[in-house]
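What you are looking at is a predicted structure, and each value in this text was computed from that prediction instead of being measured. Count residues from 1 along the sequence.
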Amino acid sequence: HALHAQLAQGMDAHRAQSFDAAIAAYDAVLREQPGHAPTLHLRAAMQRDAGDARAAEDDFTAALAVAPRDARARVALAQLALAAHRAGDARQVVETGLTLGAADAPMLRVLGHAALAQRDGATAVNAFAGAMAIEPFDAETHFNHGVALQMLRYLGDAARAYQRALDIAPSLID
């Protein structure tokens with residue numbers, strides 16, 4: 001019960017954006033249960049939100065070492081790599097997850113973004129198509145699918161993808 005209470009205290013502090021209190025609570029849990037993947041994930045998210053990308057990457061990596069099929073941790077780690085302009089690292093994190101059977105729409109979208117950053121339109125098209133098969137009404141995925149199609153010079157298909165994005169979310173007109 002004490003660990004559960006400590007974790008709840010950390011989550012409450014996290015929601016309140018109280019960085020020091022959240023980290024202290026998460027650290028207390030990890031002292032008692034080193035390698036507790038959910039706590040590592042939460043601490044990583046808090047560190048990311050506070051602007052400490054390096055510490056966040058370390059904790060997301062540690063969480064994945066314990067729970068390699070955790071798609072949310074994989075997506076978060078890949079997004080940090082993309083933000084640091086390391087598309088190859090992002091792609092490797094996601095592709096490893098896909099081989100472990102951890103595919104979901106956010107993971108496929110991150111793969112698509114990494115492929116776009118690497119100018120690999122074919123992989124991006126397939127990744128965004130896979131994400132749309134899981135979540136067909138995500139306008140940004142349709143838009144990014146259009147970007148990938150346009151990269152491959154499939155202009156008619158790209159225009160249709162952009163139109164689908166606008167049909168779902170007219171606010172994307174900009």
Side-chain angles (χ1 to χ4, degrees), residues 3 6-8 10-135 138-141 143-145 147-148 151:
L3 284 180
Q6 196 70 41
L7 184 57
M11 293 169 66
D12 289 343
H14 193 150
R15 280 189 285 276
Q17 297 182 3
S18 177
F19 177 77
D20 292 335
I23 294 297
Y26 296 148
D27 286 348
V29 172
L30 291 169
R31 275 192 298 279
E32 294 296 319
Q33 284 192 358
H36 186 249
T39 304
L40 286 166
H41 183 116
L42 289 167
R43 185 171 73 177
M46 185 77 233
Q47 291 164 331
R48 178 200 57 213
D49 296 347
D52 191 348
R54 183 75 249 154
E57 282 190 37
D58 290 346
D59 276 350
F60 281 129
T61 300
L64 286 171
V66 177
R69 290 186 177 171
D70 183 347
R72 290 180 349 149
R74 279 200 182 279
V75 167
L77 181 59
Q79 288 172 331
L80 284 170
L82 277 175
H85 306 289
R86 297 188 337 262
D89 292 346
R91 192 165 172 169
Q92 182 179 4
V93 166
V94 172
E95 287 175 344
T96 298
L98 293 173
T99 64
L100 295 172
D104 66 359
M107 191 176 303
L108 291 167
R109 280 193 289 271
V110 172
L111 176 59
H113 287 291
L116 284 176
Q118 293 180 314
R119 309 291 300 158
D120 180 354
T123 297
V125 163
N126 291 332
F128 291 125
M132 289 184 307
I134 298 167
E135 293 179 0
D138 185 86
E140 289 186 28
T141 302
F143 173 81
N144 287 310
H145 189 237
V147 171
M151 182 182 286

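In this structure a side-chain-to-backbone donor-acceptor pair under 3.5 Å is present from R74 to P68. A distance-only check finds a donor-acceptor pair linking the side chain of R69 to the backbone of L100 [under 3.5 Å].
In terms of heavy-atom proximity, G88 sits nearest to Q118 at CA-NE2, 3.4 Å. Shown here for A22 and A13, the closest heavy-atom pair between the two residues is N-CB, 3.5 Å. Contact record, I134 with D104: CD1-C, 3.9 Å, taken as the closest heavy-atom pair. The two residues Y26 and H14 make their nearest non-hydrogen contact at OH-ND1, 3.1 Å. Across every non-hydrogen atom of V29 and L7, the tightest pair is CG2-N, 3.7 Å. Residues A90 and A81 come closest through the heavy atom pair N-CB, 3.7 Å.
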>> side-chain contact (heavy atoms from CB on, under 4.5 Å) for L98 and L108? Distances and angles first, verdict last.
In response: CA-CA 9 Å; L98 293 173; L108 291 167; 4.1 Å; yes
> Given the rule in the side-chain contact (heavy atoms from CB on, under 4.5 Å) test, do M46 and L42 qualify, once you have shown the distances and angles that lead to the verdict?
Replying inline: CA-CA 6 Å; M46 185 77 233; L42 289 167; over 6 Å; no
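For E32, there are no side chain to side chain donor-acceptor pair (under 3.5 Å) partners, not counting sequence neighbours.
Note that CG of D52 and CG of D59 are 9.5 Å apart. Values are rounded to the nearest 0.5 Å.
A heavy-atom distance below 4.5 Å is not found between the side chains of Q33 and Q6. Between F60 and L40, the closest side-chain pair of non-hydrogen atoms is not below 4.5 Å.
A salt bridge links R54 with D58; the closest basic N to acidic carboxylate O contact falls under 4.0 Å. Using a cut-off of 4.0 Å between Lys/Arg side-chain N and Asp/Glu carboxylate O, R109 and E135 are scored as salt-bridged.
Sparse packing is recorded around CZ of R72, with 12 or fewer heavy atoms of other residues, nucleotides or ligands lying under 6.0 Å away.
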All N/O donor-acceptor pairs, side-chain side in residues 122-133, below 3.5 Å, sequence neighbours left out:
residue	atom	partner	partner atom	Å
T123	OG1	R91	NH2	3.1
T123	OG1	D120	OD1	3.3
T123	OG1	D120	OD2	2.7
N126	ND2	A122	O	3.3

